[in-house]
Amino acid sequence: MKKYKILLGGLISATLLFSGCQDIDLLPKDNLPDELYWKTPEDFMKEANWLYSRTESFDTKDTDSDIGYEMSENTTSNGTLIAPNSDTDWSDRFEDLRHCNIIIEKAALYEGDQAEIERYVAEARFFRAYTHWRLMKKIQ
């Protein structure tokens with residue numbers, strides 16, 4: 001009986017000892033640090049592609065005027081519209097500008113062939129100008 005206890009104890013100890021030898025990848029996949037991320041042209045492509053999701057939508061309805069075409073009244077047409085304290089259309093543009101500037105800054109530090117990423121840098125420069133235009137349009 002004593003042999004079985006020793007054997008069982010040894011087996012449990014070996015199981016616990018070798019189960020901890022697993023190599024675990026602790027890097028977050030959705031938020032890599034800059035030292036690991038801006039290494040390939042695909043990284044620049046992903047960031048430039050994100051800018052396309054921030055463009056304007058031109059399929060809006062004319063519901064925010066006194067001659068809106070909807071059949072029912074809304075806050076604009078019945079006079080109860082209250083101006084909001086914040087405007088995400090304004091603050092989101094500054095997030096877009098920062099994103100464009102990060103792409104341009106990281107391109108200057110890129111160690112590979114600059115020709116591989118010049119398209120994405122050009123897209124970031126375009127979206128930076130486009131975002132400035134949207135901000136100027138907003139204040140007029």
Side-chain angles (χ1 to χ4, degrees):
M1 184 69 159
K2 191 173 184 180
K3 281 189 206 180
Y4 292 119
K5 287 183 182 180
I6 293 172
L7 185 63
L8 183 62
L11 184 63
I12 290 173
S13 298
T15 303
L16 291 175
L17 180 69
F18 292 117
S19 67
C21 293
Q22 185 178 0
D23 190 23
I24 300 174
D25 183 15
L26 297 176
L27 286 174
K29 300 296 183 200
D30 61 340
N31 192 10
L32 289 175
D34 284 350
E35 298 82 28
L36 298 175
Y37 185 66
W38 300 96
K39 298 292 184 194
T40 65
E42 288 78 23
D43 297 336
F44 287 90
M45 180 185 68
K46 289 175 194 171
E47 296 302 315
N49 284 345
W50 180 83
L51 295 169
Y52 285 94
S53 69
R54 307 290 283 186
T55 58
E56 291 178 287
S57 173
F58 294 106
D59 61 343
T60 58
K61 299 185 222 174
D62 183 23
T63 57
D64 293 335
S65 69
D66 58 345
I67 57 170
Y69 69 88
E70 286 188 345
M71 297 300 287
S72 62
E73 66 180 30
N74 58 27
T75 57
T76 303
S77 63
N78 69 12
T80 60
L81 178 67
I82 299 173
N85 290 330
S86 63
D87 184 6
T88 58
D89 192 35
W90 180 263
S91 59
D92 287 352
R93 300 300 68 83
F94 288 101
E95 181 183 345
D96 297 347
L97 283 175
R98 179 69 188 136
H99 201 82
C100 293
N101 287 335
I102 287 173
I103 294 171
I104 295 167
E105 288 172 10
K106 296 302 178 183
L109 303 173
Y110 181 62
E111 295 174 357
D113 185 13
Q114 289 289 325
E116 295 176 326
I117 63 168
E118 67 183 6
R119 171 187 172 182
Y120 310 118
V121 175
E123 289 177 11
R125 290 183 191 279
F126 165 77
F127 277 107
R128 186 170 61 175
Y130 172 66
T131 303
H132 279 292
W133 173 78
R134 287 178 73 183
L135 285 169
M136 288 299 296
K137 186 177 75 165
K138 186 81 173 159
I139 61 173
Q140 290 179 354

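Because only heavy atoms are used, hydrogens play no part in the values below, and waters and symmetry mates are left out as well, while side chains stay in.
- Residue pairs that meet the ring-ring contact (aromatic ring centres under 6.0 Å, His included) test with at least one member in residues 95-117, sequence neighbours left out, are Phe44-Tyr110, Trp50-His99.
- Every side-chain contact (heavy atoms from CB on, under 4.5 Å) that Lys46 has, sequence neighbours left out, goes to Tyr37, Asp43.
- Taking both residues in full, the closest heavy atoms of Ala124 and Leu51 are given as CA-CD1, 4.1 Å, listed atom of the first, atom of the second, then distance.
- Tyr120 and Pro41 get closest at one heavy-atom pair: CE1-O, 3.8 Å.
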Apply salt bridge (Lys or Arg N to Asp or Glu O under 4.0 Å) to Glu47 and Lys106, showing your working.
CA-CA 11 Å; Glu47 296 302 315; Lys106 296 302 178 183; over 6 Å; no
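- In terms of the side-chain hydrogen bond (donor to acceptor under 3.5 Å, both in side chains) criterion, Asp92 has no residue partners (sequence neighbours excluded).
- Between Ala107 and Gln114, the shortest heavy-atom contact is O-NE2, 3.1 Å.
- Qualifying side-chain contact (heavy atoms from CB on, under 4.5 Å) partners for Glu56, counting only residues two or more places apart in sequence or in other chains: Phe58, Tyr130, Trp133, Arg134, Lys137.
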Apply side chain to side chain contact (heavy atoms under 4.5 Å, CB included) to the pair Lys138 and Asp89, showing each step before the final yes or no.
CA-CA 9 Å; Lys138 186 81 173 159; Asp89 192 35; 3.4 Å; yes
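- For the pair Ile117 and Trp38, the minimum side-chain heavy-atom distance is 4.5 Å or more.
- Atom CD1 of Ile104 and atom CG of Leu109 lie 12.5 Å apart (nearest 0.5 Å).
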What verdict does the salt bridge (Lys or Arg N to Asp or Glu O under 4.0 Å) test give for Arg125 and Glu118, after you've listed the backbone C-alpha separation in whole Å, the side-chain angles of each residue and the deciding distance to 0.1 Å?
CA-CA 10 Å; Arg125 290 183 191 279; Glu118 67 183 6; over 6 Å; no
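- For Ile82, there are no side-chain contact (heavy atoms from CB on, under 4.5 Å) partners two or more places apart in sequence or in a different chain.
- Other residues sharing the hydrophobic cluster of Phe94, ordered by chain and number and joined by side-chain separations under 4.5 Å: Trp90, Leu97, Leu135, Met136, Ile139.
- Atom-to-atom distance recorded for Asn49:CG and Glu123:CD is 7.0 Å, nearest 0.5 angstrom.
- Smallest separation of non-hydrogen atoms from Thr131 and Arg93: CG2-O, 3.3 Å.
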